[in-house]
Amino acid sequence: MEKKTAVVSKNANVEAKSGSASSIFATIVIPVTFVVCVLIYMFVLGNPANFEGGSNENHPLPGNYLGIVYKGGWVVPVLMTLVLLVFIFAIERTLTISKAKGTKNVAGFVRTISAKLNQRDINGAIAACDAQKGSVGNVVKAGLLKYKEMQNEPELLKAEKVAAIQKEIEESTSLELPMLEKNLVIISTIASISTLTGLVGTVLGMIKAFSALAASGTPDATALSNGISEALINTALGVTGSAIAIIAYNYFTSKIDELTYSIDEAGFSIISTFAAQHETTGAPIRQQTV
């Protein structure tokens, strides 16, 4: 039991460190990304060479999209930050989920575990988990260790042993899933607020355009069309960020569901094999003395 406790403590420490590292990553990358986008907005989009008369106070040069985007206003760097964050966290989730799968194909790993259990090679199955690594390997290994422990437990009924194995797999899964779903809430939040942020920029731009038109006293089709196009830049950026975030969120959610299904499949194989191979095991019958 002391060895088992040590293994659990070690896994818990690893999970805590992984979660802490992921939180630190998110805390650092968000402000850094915003600063980078502000600098791009000021010195790349706002480059005087993109505007008439060499000043970013004037209209953008015809066909110069960098200048047009710059005229979208202060909402533009915010929207650029949201879009860039989606790509950054998508890369981070891709690496994390790829690591969680382990070194080999997950479906092949599950088949290997089932074959080892059918051959009553519990140590071989545990060795396969050590070779697989990742979240799937960790959860299956925890179930196999409990499987091995229950084989040498004469005081429990078979149903109690099966329940203990199932509980161990469920607890191990609950420890691994938060790590897989980490930072997905950021992507889902961006999917929700990106469009709204773009609409805010659009409304502000339209207000600015029509206010300038009212102040001039005479219709200026060029100024009005430039103002409207500048305002709609915010809508375009907002919708783009939201669309990419929704696609990324659904993609990673489906990948996590695939891993969860594989874990459930392996867990079912472990439980059903134990139940089939230990039909007569159970607590000893105690004889009563009269």
Note, [X] side chain near [Y] side chain (heavy atom, < 4.5 Å):
{"X": "Lys101", "Y": "Lys99", "answer": "no"}
{"X": "Arg93", "Y": "Lys182", "answer": "yes"}
{"X": "Leu259", "Y": "Ser135", "answer": "no"}
{"X": "Glu181", "Y": "Ile256", "answer": "yes"}
{"X": "Thr273", "Y": "Ser114", "answer": "no"}
{"X": "Lys116", "Y": "Ile122", "answer": "no"}
{"X": "Val83", "Y": "Leu79", "answer": "no"}
{"X": "Glu52", "Y": "Pro60", "answer": "no"}

Look at the side-chain heavy atoms of Ile, Leu, Val, Met, Phe, Trp and Tyr, link any pair under 4.5 Å apart, and say whether [X] and [Y] land in one connected group.
{"X": "Ile233", "Y": "Val239", "result": "no"}
{"X": "Leu84", "Y": "Ile247", "result": "no"}
{"X": "Ile246", "Y": "Ile187", "result": "no"}
{"X": "Tyr41", "Y": "Val32", "result": "yes"}
{"X": "Val29", "Y": "Phe252", "result": "yes"}

Considering all heavy atoms of both residues, which atom of [X] and which atom of [Y] are nearest to each other, and what is their separation?
{"X": "Leu61", "Y": "Ala49", "result": "CD1-O, 3.3 Å"}
{"X": "Ala275", "Y": "Val162", "result": "CB-CG2, 4.4 Å"}
{"X": "Gly108", "Y": "Asn105", "result": "N-OD1, 2.9 Å"}
{"X": "Pro31", "Y": "Thr27", "result": "CD-O, 3.0 Å"}
{"X": "Ala128", "Y": "Thr112", "result": "CB-CG2, 4.2 Å"}
{"X": "Asn234", "Y": "Gly72", "result": "ND2-O, 3.1 Å"}

Between atom [atom1] of [X] and atom [atom2] of [Y], what is the distance when rounded to the nearest 0.5 Å?
{"X": "Leu82", "Y": "Phe34", "atom1": "CG", "atom2": "CZ", "result": "10.0 Å"}
{"X": "Leu45", "Y": "Asn50", "atom1": "CG", "atom2": "CG", "result": "7.5 Å"}
{"X": "Lys146", "Y": "Ile165", "atom1": "NZ", "atom2": "CD1", "result": "8.5 Å"}
{"X": "Lys141", "Y": "Ile126", "atom1": "NZ", "atom2": "CD1", "result": "7.5 Å"}
{"X": "Leu177", "Y": "Thr260", "atom1": "CG", "atom2": "OG1", "result": "4.5 Å"}
{"X": "Ser262", "Y": "Ile113", "atom1": "OG", "atom2": "CD1", "result": "12.0 Å"}

Using modelled atom types and a 3.5 Å cut-off, is there a donor and acceptor pairing between side-chain atoms of [X] and backbone atoms of [Y]?
{"X": "Thr195", "Y": "Ala191", "result": "no"}
{"X": "Ser98", "Y": "Leu95", "result": "no"}
{"X": "Glu176", "Y": "Val136", "result": "no"}
{"X": "Asn58", "Y": "Phe51", "result": "no"}
{"X": "Glu160", "Y": "Leu157", "result": "yes"}

Point to revise | Salt bridge present between Glu170 and Lys167 (N-O < 4.0 angstrom) | key: no
Exercise for review: Take Tyr147 and Lys161 through the side chain to side chain contact (heavy atoms under 4.5 Å, CB included) test and state the conclusion after the steps.
Suggested key: CA-CA 8 Å; Tyr147 183 110; Lys161 294 180 180 180; over 6 Å; no
Check your understanding: Should Leu85 and Ile186 be marked as a side chain to side chain contact (heavy atoms under 4.5 Å, CB included) after you check the CA-CA gap, both sets of side-chain angles, and the distance that decides it?
Key -> CA-CA 9 Å; Leu85 284 176; Ile186 296 177; 5.5 Å; no
With no hydrogens and no angle check, do the side chains of [X] and [Y] hold a donor and an acceptor under 3.5 Å apart?
{"X": "Asn123", "Y": "Lys148", "answer": "yes"}
{"X": "Ser194", "Y": "Ser242", "answer": "no"}
{"X": "Thr235", "Y": "Thr202", "answer": "yes"}

Review point. Within a reach of under 6.0 Å around OH of Tyr249, are more than 12 heavy atoms found that belong to other residues, nucleotides or ligands?
Key: no
Exercise for review: Test side chain to side chain contact (heavy atoms under 4.5 Å, CB included) on Phe268 and Asp264 and set out the steps.
Suggested key: CA-CA 6 Å; Phe268 176 78; Asp264 292 341; over 6 Å; no
Practice item. Assess whether side chain to side chain contact (heavy atoms under 4.5 Å, CB included) is satisfied between Ser269 and Leu117, documenting all intermediate values. Key: CA-CA 8 Å; Ser269 178; Leu117 291 176; 4.2 Å; yes
